[in-house]
Structures are given as structure tokens and as C-alpha cells.
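Working notes, beginning with the structure itself.
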2 protein chains.
Amino acid sequence: MSLSTRRKSISVQTIRRLPQYLRIFYNFHTYGRELVSSTDLAAETHLLPIVIKKDLQSVGAPSKRRAGFKVAGTIHVIEQFLGWNNLNKAFLVGVGHLGAALLGFDGFKNHGLEIVAAFDTRPEKVGVPVNGVPVYHTAQLTSIIEKENLKIAVLTLPAAAAQGVTDTLTAAGIKAIWNFAPVNLKVPSDVVVQKEDIASGLAELCAKLKSR
Amino acid sequence: MSLSTRRKSISVQTIRRLPQYLRIFYNFHTYGRELVSSTDLAAETHLLPIVIKKDLQSVGAPSKRRAGFKVAGTIHVIEQFLGWNNLNKAFLVGVGHLGAALLGFDGFKNHGLEIVAAFDTRPEKVGVPVNGVPVYHTAQLTSIIEKENLKIAVLTLPAAAAQGVTDTLTAAGIKAIWNFAPVNLKVPSDVVVQKEDIASGLAELCAKLKSR
DNA sequence: AAAATATAGATAACAAAATATCTATACATA
DNA sequence: TATGTATAGATATTTTGTTATCTATATTTT
């Protein structure tokens with residue numbers, strides 16, 4: 001066993017459930033609850049108590065036997081695990097419908113993300129701030145990334161433009177891309193890409209619906 | 001073995017990958033390609049050829065040995081499987097940033113979804129069509145659902161309002177809800193709910209980023 | 001015509017994730 | 001004080017999903 005305690009790696013599914021737990025714990029916290037059991041959480045989530053228990057144990061949530069998980073402490077370990085207790089400066093490329101919607105969402109600040117700039121190629125978009133975020137021309141990407149030392153990119157642009165912009169981004173040293181364009185981006189191996197595909201969710205819904 | 005051939009059930013993960021395959025097959029189709037191998041598809045997707053092969057086999061995609069999967073036939077079986085070859089009339093509740101973004105997206109017609117109405121409680125939203133879709137007051141939900149015989153709801157409203165609206169929807173006979181509000185809706189067991197949580201993807205990104 | 005090759009098809013092995021079961025303990029109740 | 005109970009903690013089992021391997025067969029190459 002090495003110095004940094006070797007914990008069993010946490011599953012993707014667990015990670016994806018963490019924000020949900022966090023939301024519920026915030027809620028309980030505002031009501032002054034100090035302990036919440038996996039049974040209570042199950043009632044709020046449609047998840048089985050045992051799934052919740054294992055998830056929380058895997059991130060090292062503090063607990064009390066027979067009583068439940070400690071609210072404040074669990075919030076802390078989840079935020080810590082996700083890195084949501086300090087802000088990362090991010091920017092968005094593509095101020096279309098979805099881009100504007102994401103810019104309009106203030107909740108990212110609770111999720112470790114601070115969108116400080118946006119980019120678009122369309123003249124009518126450039127120079128018009130959205131929800132207080134300045135919109136620059138895409139030609140300025142490299143210079144502003146460097147000036148502001150930005151590390152995370154949110155891509156909400158048309159599929160056809162995505163790879164080109166991505167190449168610019170990686171050349172500028174971007175290390176994380178949250179990609180909403182329906183393309184599989186090719187990036188150097190040290191760049192993290194998280195792809196969102198809204199059609200996947202719809203496919204799931206349709207499949208469930210058909211099997212009824 | 002029953003009359004309706006009992007096929008092995010298709011995994012959720014496979015279902016979520018189907019739209020991606022579909023997109024690529026459409027592409028090849030427009031270029032006139034008749035056969036695509038799993039190796040070719042792997043180059044486009046970052047998935048392993050064997051994953052693709054199994055996915056396509058599981059939906060019964062037609063193929064030719066040594067050559068690949070038949071483009072037209074595979075498109076057909078995937079569309080068939082997802083029910084995306086005929087349109088379901090849907091509506092959206094909550095014309096905020098995200099709701100407007102979804103209304104602005106015309107691609108749903110290729111995904112079996114036709115959004116024919118939207119609802120909001122805010123007077124300044126009601127009566128102003130978005131991308132050609134009429135916006136009604138939420139009070140009219142039940143009557144319009146019945147009049148238009150709507151079956152699928154898209155919820156893009158604040159968490160606090162979601163359960164109330166859902167109760168109205170289920171009472172009106174809605175059978176499928178695509179939920180973008182960060183709440184776990186309580187619904188009768190015959191109602192299908194597909195929950196989208198944008199924070200899950202962000203959590204995944206942050207976790208990957210931290211482990212670098 | 002024969003040999004090499006790329007692929008679907010089938011099956012097997014492996015890994016990840018979900019679920020079940022059992023134990024120990026703090027607390028509540030009688 | 002003794003007994004019952006709800007829960008975390010630990011471990012085992014089952015299910016689901018991924019990856020590997022082997023076979024058969026069309027196609028291409030020699």
C-alpha cells in the first residue's frame with residue numbers, strides 16, 4: 001500500500017449519481033438536518049438504499065452507525081471529490097440556442113464551473129453579452145485562452161465546425177472539453193473529452209416506451 | 001420459445017449508442033455506400049469494433065460476411081427499433097432558456113418526435129410562438145393534451161414546479177415524460193420517465209480531469 | 001486455381017455494476 | 001436493564017456489459 005492510500009476506483013455510474021446526492025444533501029442541510037440515512041435518500045431518488053450506501057461509502061462519506069450519513073461532512077467529501085469547491089474558469093464556443101441556454105444557467109457556479117467568455121463566428125452574436133458573459137469572435141480564441149489562462153471548453157456549435165475549433169483549442173493547451181456537438185472529437189491523449197448526446201436519452205425513452 | 005421470437009434483451013448502453021450509429025449510417029448513405037464494416041465504424045466513433053458488431057447484431061442489422069453491415073438495412077432496423085420512422089406528437093412545458101433551445105432544434109423530427117405545443121405560466125411567454133410552436137398557458141394543459149391526443153411530454157421547468165405539472169400530466173393520460181428538471185418525479189408505474197441530468201456529465205468530466 | 005485476408009458470426013472469458021445477505025452497533029423502547 | 005430495531009459496514013452473489021478468441025466465408029491477391 002502506497003503513501004497515498006490506494007482506494008478502489010469509483011465507478012462511472014457512481015460518479016454520475018453524485019450530483020443528485022449533493023442536491024439532496026444541500027436541501028437537508030438548509031433544513032438543519034445533520035444525519036440522513038440511505039433509506040431516507042432512497043425515498044427521494046428511486047434508487048435502492050444499498051446503491052446509495054455503496055456510492056457514499058466509496059467517496060468516503062462520514063457516517064454514524066444506525067443513524068445515517070453526516071450531512072455537512074458528506075457534502076464536503078462529494079464536493080472535494082468532484083473538485084466543485086473551487087471554481088474553474090471555462091468558456092463556451094457557439095452561442096446558438098443551446099449555448100445561450102447554458103450561458104443563462106447560473107447554477108454552474110455551484111458545480112465548479114465559471115463561464116467567463118463565449119465565442120461565435122456570427123457578426124450579430126459577437127459583442128453582445130449573454131447573461132453578462134462577453135461574446136468574442138472565434139478568431140480571438142487562442143489569444144483570450146492564453147490571456148485568461150482558461151482550461152475548460154464547452155462546445156455548443158454545429159457538428160461541422162467542432163473538429164476545427166477543437167484543433168485550435170488543443171493547440172492552445174486546453175485540457176478538458178465538454179462537447180455537446182454530435183461528433184467524436186479527435187484529441188491528443190492528454191485531453192479529456194466529455195461527450196453529451198441528447199439523442200441517447202431520447203433513444204432510451206423511446207425504447208422503454210416501445211417495450212410497454 | 002414463444003410465437004414472437006424471444007430475442008435477448010438489448011442493453012441500455014447499446015440503446016444509447018444507437019443514435020450515434022444511425023447518424024454515421026445516414027452519412028454513409030448520402031455518399032452512396034452500401035456496406036460499412038465495424039472497423040470503419042470504429043474509426044468514426046472511438047468505440048471498439050467488437051462493441052459495434054455486437055450492438056448492431058443485437059438489433060438484427062443485416063450484414064454480409066467479410067464485407068460489413070448493409071447501410072440501408074441497418075438504418076431501417078435501428079429506426080424500427082427506436083420507433084423513429086413515424087412521428088409521435090409531443091409537447092414541452094417550461095419555455096425558459098433550455099425549453100426554447102429544444103424548441104429551436106428541428107432535428108427531433110428525425111428522432112420520432114414532433115413538438116406541436118409548448119406551455120408556460122408567464123404571461124410574457126404565452127401567445128408568443130417559438131420556432132413556429134405555439135405557447136399556451138399551463139392552465140390549458142389538460143384540454144390541449146386531450147384535444148390533440150398528445151402522449152409525450154418534455155419537461156424543462158423549474159424543479160419546484162415539476163411534480164405538480166407531472167401530476168396533471170399523468171391525470172391527463174400522458175405515458176412518457178422526458179424530464180430535464182433536477183427532480184425525481186413520482187409517477188404511476190405505467191408511465192415512462194426519462195431523466196436527464198446535465199450535472200452528471202459535468203461530474204464525469206470533473207472526475208476524469210482530477211484523475212489526470 | 002490457390003493462398004491470403006478481412007470480416008461477420010458464435011462463443012467464451014472477463015470486468016463492472018447492481019443486488020443480496022450477514023454482522024456489528026448505537027439508539028429507542030419496554 | 002434487557003430487548004428490539006434501524007442502520008452502517010463488510011462480504012458474497014448475481015446480473016449486465018465489455019473484451020477476447022475462434023470459426024466460417026466471401027473477396028482479393030498471387
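Residue numbers begin at 1 in each chain, while the letters A, B, ... track the order of the sequences. Just so we're clear, the structure is a prediction, and the values are computed from it rather than from any experiment. The figures here come from the full heavy-atom set of this structure, side chains too, leaving out hydrogens, waters and symmetry mates.
- Checked for salt-bridge contact, R33(B) and D40(B) meet the test: a charged N lies under 4.0 Å from a carboxylate O.
- When each of dT7(C), dT18(D), dA8(D) is scored by its nearest atom to the side-chain atoms of R65(A), the top-ranked nucleotide is dA8(D).
- A straight line from CG of L18(B) to C1' of dG17(D) spans 15 Å, rounded to a whole angstrom.
- Between the CG atom of D40(B) and the C1' atom of dA8(C) there is a distance of 13 Å, rounded to whole Å.
- Whole-Å rounding puts the K54(A) NZ to dT11(D) P distance at 12 Å.
- As judged by a 4.0 angstrom heavy-atom cut-off over every strand, L48(A) is placed among residues touching the sugar-phosphate backbone only.
- Salt bridge present: E148(B) and K89(B) bring a charged side-chain N and a carboxylate O closer than 4.0 Å.
- Of the side-chain N and O atoms in S38(A), one or more sit less than 4.0 angstrom from OP1 or OP2 of dA8(D).
- Residue contacts shown for T14(A) are absent, as no nucleic acid heavy atom lies under 4.0 Å away.
- Nucleic acid contact for K64(A): sugar-phosphate only, since backbone atoms but no base atoms lie under 4.0 Å from a heavy atom of the residue.
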Verify side chain to side chain donor-acceptor pair (under 3.5 Å) between N88(B) and E114(B), making sure each step is shown before the conclusion.
-> CA-CA 6 Å; N88(B) 288 294; E114(B) 188 186 9; over 6 Å; no
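- Of the listed nucleotides (dG9(D), dA26(C), dG9(C)), dG9(D) has the atom at the smallest distance from the side chain of K53(A).
- Regarding D55(A), its CG atom lies at a distance of 16 Å from the P atom of dA10(D), rounded to whole Å.
- Taking atom CG on L47(B) and atom P on dT18(D), their separation rounds to 9 Å, with Å as the unit.
- In this structure, the nucleotide among dG17(D), dT25(C), dT7(C) sitting nearest to the side chain of S11(B) is dG17(D).
- If you check dA17(C), dT7(D), dT19(D) against the side chain of R66(A), the one that comes closest is dT7(D).
- Taking a pair to require two hydrogen-bonding distances under 3.5 Å in either a Watson-Crick or a G-U wobble arrangement, dT5(C) pairs with dA26(D).
- Considering only side-chain atoms of S37(A), the nucleotide from dA20(D), dA6(C), dA8(D) that sits closest is dA8(D).
- Rounded to an integer number of Å, the gap from CG of L56(A) to C1' of dA10(D) is 16 Å.
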Determine, step by step, whether D197(A) and R16(B) satisfy the side-chain contact (heavy atoms from CB on, under 4.5 Å) criterion, reporting the C-alpha distance in whole Å, the side-chain angles of both residues, the deciding distance to 0.1 Å, and the verdict.
-> CA-CA 9 Å; D197(A) 188 348; R16(B) 295 185 60 90; over 6 Å; no
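- Between the P atom of dT19(D) and the CD atom of Q13(B) lies a distance of 11 Å, rounded to the nearest Å.
- Side-chain atoms of T121(B) do not come within 3.5 Å of backbone N or O of T138(B) as any donor-acceptor pair.
- Per the geometry, CD1 belonging to I52(A) stands 17 Å off P belonging to dA17(C), to the nearest Å.
- OP1 or OP2 of dA6(C) has not a single side-chain nitrogen or oxygen of T39(B) nearer than 4.0 Å.
- Among the atoms of the strands shown, only primed sugar atoms or phosphate atoms (P, OP1, OP2) are found under 4.0 Å from some heavy atom of R17(A).
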